[in-house]
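Just follow the structure's listing: the first ligand is 1, and inside any ligand the first atom is 1. Please read these numbers as outputs of a predicted model, since none were measured by experiment. What's counted below: heavy atoms across the whole structure, side chains too, no hydrogens, waters or symmetry copies.
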Amino acid sequence: MQSIKNVKTKNPKVLPGADNPLKFGTIFTDHMFIMNYETGKGWFDPRIIPYQPLNLEPSAMVFHYGQEMFEGLKAYKTKSGKILLFRPNKNIERANKTNRRICIPEIPEDIFLQAIKAVVKADEAWIPTKEGTSLYIRPFIIATDPYLGVRPSDKYLFMIILSPVGAYYPEGLNPVKIWIEDEYVRAVKGGIGEAKVGANYVASLKSQVKAHDEGYSQVLWLDGVHRKYIEEVGAMNIFFKINGTVITPELNGSILPGVTRDSVLALCREWGLPTKECRISINEIYEAAQNGTLDEVWGTGTAAVVSPVGQLRWGEHIMQVKDGGIGPISQKLYDTITGIQLGEVNDTHNWTVEV
Ligand SMILES: *Cc1c(COP(=O)(O)O)cnc(C)c1O
């Protein structure tokens with residue numbers, strides 16, 4: 001593997017001002033990482049270049065059969081000026097698992113991490129420092145072979161782009177309302193639900209539009225076979241605290257194995273809370289809401305970290321989660337994880353990696 005070439009931009013952009021709300025995924029930094037793949041040659045020519053449009057043939061395979069994958073993680077700047085990544089090796093491991101599922105050649109883990117570090121370092125000045133802000137890192141791979149037949153591509157581009165993002169909840173943690181989808185499904189076991197690919201998102205758009213029209217911010221998916229068992233929310237895994245026990249759906253092959261999910265389970269166990277990863281039906285949730293044992297509901301994902309849920313709607317049933325406010329475990333998880341990410345809470349699990 002050659003070392004990473006570095007071409008600096010000649011026209012640096014103006015950095016966003018301190019009061020810019022940094023709406024998620026709208027602002028991009030000065031540079032990007034890019035590396036090519038060709039069958040017979042492997043991954044080659046890793047380089048950092050000015051952020052710029054791509055030049056692709058209209059016949060590039062990604063446009064026709066959707067051979068594309070992505071990842072998402074964040075970099076934080078600590079008060080002492082260190083740059084920290086949160087569990088990047090989990091993302092890299094998951095990326096290669098996704099690659100195997102959709103026939104994209106794997107990326108050596110050390111090169112992947114080196115690429116993330118190098119591009120974050122190149123645009124270090126773009127890491128925002130206001131409370132709740134971070135630099136969102138988006139690695140992704142597309143199939144670029146100019147060919148209309150159906151088979152895995154022989155050419156790929158691996159890229160990493162960066163976007164400074166504001167606090168997910170500018171006024172602090174804020175409970176969301178969730179729409180439980182019982183018509184459409186996102187994924188089934190044996191499909192691509194456990195891979196982080198754009199195709200899962202295109203399958204979700206129609207429900208998301210419906211939920212938004214009804215005044216709900218996110219969709220909760222049920223399993224594709226019985227339309228009964230809880231899967232996950234949009235781009236988040238889901239947790240329930242029922243009668244003192246923290247419960248989340250088991251990794252059954254159709255839900256995404258979230259890094260935040262894994263971290264939340266580890267912390268709950270460390271705090272001595274009873275936890276369960278199991279199959280859980282919507283009827284059980286409804287029952288718990290009815291009999292007053294549904295203590296807390298929250299989603300987990302890199303973007304929001306922890307997202308408390310105040311209300312769930314299932315057909316005609318509206319389930320209120322306690323008083324609709326932020327539960328104590330949701331708050332403690334949010335404070336602990338963001339504290340570790342910012343180097344302000346003791347990182348006993350060695351989750352952070354310095355750039
Ligand atoms: C990325 C993602 C998540 C959350 O995973 P994290 O690693 O915690 O960010 C959950 N569900 C889906 C469908 C996702 O794409």
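Protein heavy atom closest to atom 8 (O) of ligand 1, with residue, atom name and distance, is Thr260 OG1, 2.6 Å. Lys196 NZ, 3.0 Å is the protein heavy atom nearest to atom 14 (C) of ligand 1.
Ligand-side atoms of ligand 1 in range of Gly258: 5 (O), 6 (P), 7 (O), 8 (O), range being under 4.0 angstrom from any heavy atom. Near Met236, the atoms of ligand 1 lying under 4.0 angstrom from a non-hydrogen atom of the residue are 10 (C), 11 (N). Set against the non-hydrogen atoms of Tyr201, the atoms of ligand 1 under 4.0 Å away are 12 (C), 13 (C), 14 (C), 15 (O). Heavy-atom contacts of Glu232 reach the following atoms of ligand 1: 10 (C), 11 (N), 12 (C), 13 (C) (cutoff under 4.0 Å).
Contact annotation: for Thr302 versus ligand 1, heavy atoms closer than 4.0 Å belong to both the backbone and the side chain.
Here the side chain of His226 pairs no donor or acceptor atom with the backbone of Ser281 at under 3.5 angstrom. Side chain of Lys322 to main chain of Gly327: no donor-acceptor pair is present (N/O by atom type, distance under 3.5 Å, no hydrogens or angles).
Glu284 contributes atom CD, which lies 11.5 Å from atom CG of Leu294 (distance to the nearest 0.5 angstrom).
Checked for salt-bridge contact, Arg227 and Glu183 miss the test: no charged N lies under 4.0 Å from a carboxylate O. Electrostatic pairing of Glu232 and Arg186 counts as a salt bridge here, judged by a charged N lying under 4.0 Å from a carboxylate O.
Of the options Val259, Val197, Asn237, the smallest heavy-atom separation from atom 7 (O) of ligand 1 is shown by Val259. Scanning Arg186, Arg94, Lys74 for the heavy atom closest to atom 13 (C) of ligand 1 points to Arg186. Of all the listed residues (Ala304, Pro257, Gly72, Ala235), Ala235 holds the heavy atom that lies closest to atom 4 (C) of ligand 1.
Residues Tyr156 and Phe140 keep their aromatic ring centres 6.0 Å or farther apart. Here Phe158 and Tyr37 keep their ring centres 6.0 angstrom or further from each other.
For Gly234, the closest heavy-atom approach to ligand 1 falls below 4.0 Å.
With Arg87 as the partner, the side chain to side chain donor-acceptor pair (under 3.5 Å) test is satisfied by one option alone out of Asp262, Thr260, Thr302, Asn350: Asp262.
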